[in-house]
Each structure stands twice: as C-alpha cells, then as structure tokens.
Number of protein chains: 2
Amino acid sequence: MRYANDVSGREEEHEPSLASRLRLAVVRLNRRLRAQRTDSSVTLTQISALSCLYNWGPMTPGELAAKEGVQPPSMTRVIAALEEHGFASRRPHPTDGRQAIVEVTQAGRDFVRAEVCARERWLDRRLADLDEEEREVLSRAAEIIDRMAGQ
Amino acid sequence: MRYANDVSGREEEHEPSLASRLRLAVVRLNRRLRAQRTDSSVTLTQISALSCLYNWGPMTPGELAAKEGVQPPSMTRVIAALEEHGFASRRPHPTDGRQAIVEVTQAGRDFVRAEVCARERWLDRRLADLDEEEREVLSRAAEIIDRMAGQ
DNA sequence: GACACGTCGTTAGCATACCTCACGATCTGC
DNA sequence: GCAGATCGTGAGGTATGCTAACGACGTGTC
C-alpha cells in the first residue's frame with residue numbers, strides 16, 4: 001500500500017517545528033470532530049454556541065460571538081439556526097433597545113444533555129483509550145491553547 | 001459590559017468535561033489559524049497537503065487524502081490548486097494506470113521553506129510567549145492529538 | 001430638544017473547505 | 001474475456017468563516 005518509501009528522489013526526514021506539528025494536529029482533529037455526524041441536523045458550530053449559552057447563561061449576540069471567537073455576523077446565522085431548531089430564543093434587552101438577549105430554551109437544555117454527549121462520544125472514546133497521564137497532558141494543553149487562541 | 005451575570009434564571013456553573021474543553025480549544029485555534037492571512041493565495045489546506053508531501057515524499061492522491069484525513073475528491077481539488085501554483089506535479093504511476101504520483105516541485109520546496117514559516121509566524125509568536133514547560137506540554141499534546149485523529 | 005456620532009445586530013455577498021453521489025478508466029480474479 | 005473492485009475526478013450541495021454596508025438605537029454636546 002505505502003508507495004512513498006519505494007520512490008527514488010524522496011525527501012529526507014525532517015524534524016517539523018512545534019508550530020507545524022501543533023497546527024497539523026489541530027487542523028486534523030478539527031476535521032475529525034466536524035466529520036462526526038449524528039442524525040440530527042445540528043452542526044458543530046451550533047452545538048458549540050449552544051453549549052456556551054448553556055454553561056454561561058443568557059447573553060447578547062455580541063457577547064456570545066466574543067466568547068466563541070467569531071465575528072458578530074457569523075454568530076447571527078448560528079443564533080438564527082438555533083432559534084429555528086427551537087433550542088434558543090431571543091428577547092429584547094430590558095434597557096438597551098439595540099441589544100438582545102439570547103437564551104437556551106427547555107428543548108435546548110434537553111438537547112445539550114442528550115445529543116451533545118452523543119456528539120462527543122467519538123472524542124470520549126478516543127480519550128478513554130489514553131492513559132491518565134496523557135489525559136492530564138491534554139487537559140493542560142486545552143487550557144494553554146484556549147489562552148493562546150482566546151486573545 | 002457583561003450582562004449575563006445580571007440576568008435571572010441563569011444556569012449554574014458547570015465543570016465542562018475534558019472532551020468539551022479540548023473540542024472548544026481545537027475549534028478556536030483552528031479558526032485563528034485559518035484567519036491568518038499571508039498575501040499569497042495559498043490556503044491553509046493547500047499548505048497542509050504540501051507540507052505532507054514535503055515531509056513524506058511522493059505519494060498517490062489517495063494516500064495523501066488518507067494522511068490528511070479527507071476524502072479523495074477533496075484532495076483532488078487541493079492537488080489541482082497546488083499544481084496550478086507550480087508547487088506540485090503529477091506523473092503517471094509506473095505500474096498501475098489508474099493511479100498517479102504527486103510530488104513537490106523545486107518551487108514547492110522553496111515555498112515550504114519560506115512562506116510556510118511566514119504563515120506560522122503568528123503561531124510562533126504565541127508559542128514564544130509561553131514558558132518552556134508549557135511548550136513541552138503542547139509538544140506532547142500535538143503528538144497525542146495526532147495519534148487520536150490519525151486513525 | 002436637536003443633531004452628530006458611536007454601538008449593536010443584522011443583511012448581503014463572497015471565499016474556503018469539506019462532503020456525497022456519480023462516472024470513466026483501469027486492474028484483477030475467475 | 002468479462003464481472004466486479006479500485007482509483008481519480010467532476011458536479012453539486014452544505015457549513016463556516018469573513019468584510020462591507022445599513023438601519024435602529026443610545027449618548028454626549030450645544
């Protein structure tokens with residue numbers, strides 16, 4: 001099956017930089033995560049935003065966009081999709097007419113508890129195959145990465 | 001600015017699982033990486049595939065797709081773009097008429113050494129802000145993640 | 001009070017990056 | 001030889017980001 005090794009003119013082995021290895025790892029895992037399909041039509045981006053609302057409570061679209069690290073226009077579409085699914089709802093801001101408050105509905109809460117866990121089953125299985133020390137490394141890495149990406 | 005804390009009916013704080021935290025970190029860093037634009041018209045996906053060819057040597061489109069974790073049709077377009085840029089070239093497989101061998105051109109090698117580093121400058125800067133122990137954590141995490149995503 | 005200016009959310013339009021389905025060319029086992 | 005598998009590709013669809021521009025609303029200044 002592997003052909004590369006048999007071809008003359010092959011590159012020598014390199015020692016890729018940490019940046020290269022981390023980038024590749026992140027890009028790949030991201031692809032895998034997106035590829036995990038449940039039969040529901042809710043996408044990873046939507047789940048991510050919904051989880052954020054679930055964990056942090058009601059907030060404005062702008063705050064949600066900031067937390068997820070996307071631009072406000074991108075979040076608008078995500079919120080609209082969640083609203084269409086009946087998992088989130090918008091209500092007017094009590095004092096500022098420009099803003100709105102987005103919150104999780106009861107259906108949204110049920111969905112987070114059930115489907116989101118299902119969605120993360122693939123990753124959970126992978127994590128379960130690791131030993132405790134490796135999970136600890138990933139836990140610390142998640143925190144470091146989040147800090148790097150966060151700002 | 002923060003409004004969520006003031007709203008009644010707020011969720012209690014949860015302790016997100018490792019899967020949740022890792023997913024969010026990966027999704028976010030991935031967004032940041034893709035948002036980094038160099039003036040060149042080569043995308044992150046193309047760079048990723050080109051780096052793969054550079055590091056592993058010539059291989060068939062199918063093998064490259066498998067290594068990158070995408071479906072063959074997706075890789076076809078990436079290879080076409082790389083070929084158009086003059087960074088990769090296709091030649092017929094010596095024994096199997098169905099397959100082809102994709103390899104990096106000299107221009108592609110030069111590009112990997114120069115532009116890819118430029119592309120990774122943002123990440124490099126972030127990594128430089130960490131201490132040695134944190135970089136070691138990320139280095140180990142990159143290896144673990146790659147193993148999880150790889151298969 | 002009126003007007004200028006800032007902020008917030010949204011709409012519109014675009015680019016990228018995946019996917020699945022379908023097809024033609026080629027190889028292989030009987 | 002011929003049926004079926006395999007490989008690469010074309011077509012079309014969806015998701016996910018972005019920027020630019022706009023309308024609604026709030027705020028400070030006179």
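All values below were derived from every heavy atom in this structure, side-chain atoms included, with hydrogens, water molecules and symmetry-related copies excluded.
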Note: A:Ser48 and B:Leu24 closest approach over all heavy atoms is OG-CD1, 3.5 Å

A:Leu82 atom CG is separated from D:dA15 atom P, nearest whole Å, by 13 Å

Quick note, A:Pro73 side chain, CB onward, closest among C:dA17, C:dT11, D:dT9 is C:dT11

Compare the minimum distances between each of D:dT9, C:dG9, C:dA25 and the side chain of B:Pro61, then state the nucleotide with the smallest one. D:dT9

Short side-chain donor-acceptor distance under 3.5 Å, A:Thr43 and A:Arg34: no

When you measure from the side-chain N and O atoms of A:Thr43 to the phosphate of D:dT16, is any distance below 4.0 Å, counting only OP1 and OP2? yes

At 4.0 Å (heavy atoms only), tell me whether B:Thr45 reaches a base, stays on the sugar-phosphate, or touches nothing. sugar-phosphate

Give the nucleotide from the list C:dG9, D:dT9, D:dT16 with an atom nearest to the side chain of B:Thr76. D:dT9

Nearest-nucleotide 5' precedence on DNA chain D, A:Val78 against A:Gly97: A:Val78

Report yes if a side-chain nitrogen or oxygen of A:Thr60 is closer than 4.0 Å to either non-bridging phosphate oxygen (OP1 or OP2) of C:dG9; otherwise report no. yes

Does B:Arg77 make a side-chain donor-acceptor contact with the base of D:dG12, cut-off 3.5 Å? yes

Checking contacts here: which listed nucleotide (C:dC19, D:dC18, D:dC7) is nearest the side-chain heavy atoms of A:Gln71? D:dC18

On DNA chain D, does the nearest nucleotide to B:Arg31 precede the nearest nucleotide to B:Ile79 from the 5' side, or the other way round? Give the residue. B:Ile79

Counting side-chain heavy atoms from C-beta on, which of C:dA25, C:dT10, D:dG8 comes nearest to B:Arg98? C:dA25

Proximity to the side chain of A:Asp96 - top-ranked nucleotide from D:dC25, C:dT11, D:dA5: D:dC25

Taken to the nearest 0.5 Å, the spacing of A:Ile144 CD1 from B:Leu138 CG works out to 4.5 Å

Taking side-chain contact (heavy atoms from CB on, under 4.5 Å) as the criterion, tell me which of A:Leu29, A:Val27, A:Leu33 meets it with A:Arg31. A:Val27

Identify which nucleotide among D:dA24, D:dT16, C:dC19 has an atom closest to any side-chain atom of A:Arg34, counting heavy atoms from C-beta outward. D:dT16

Are the side chain of A:Arg28 and the backbone N or O of B:Lys67 linked by a donor-acceptor pair below 3.5 Å? yes

Without decimals, in angstroms, what is the distance between A:Asn30 CG and D:dG17 C1'? 12 Å

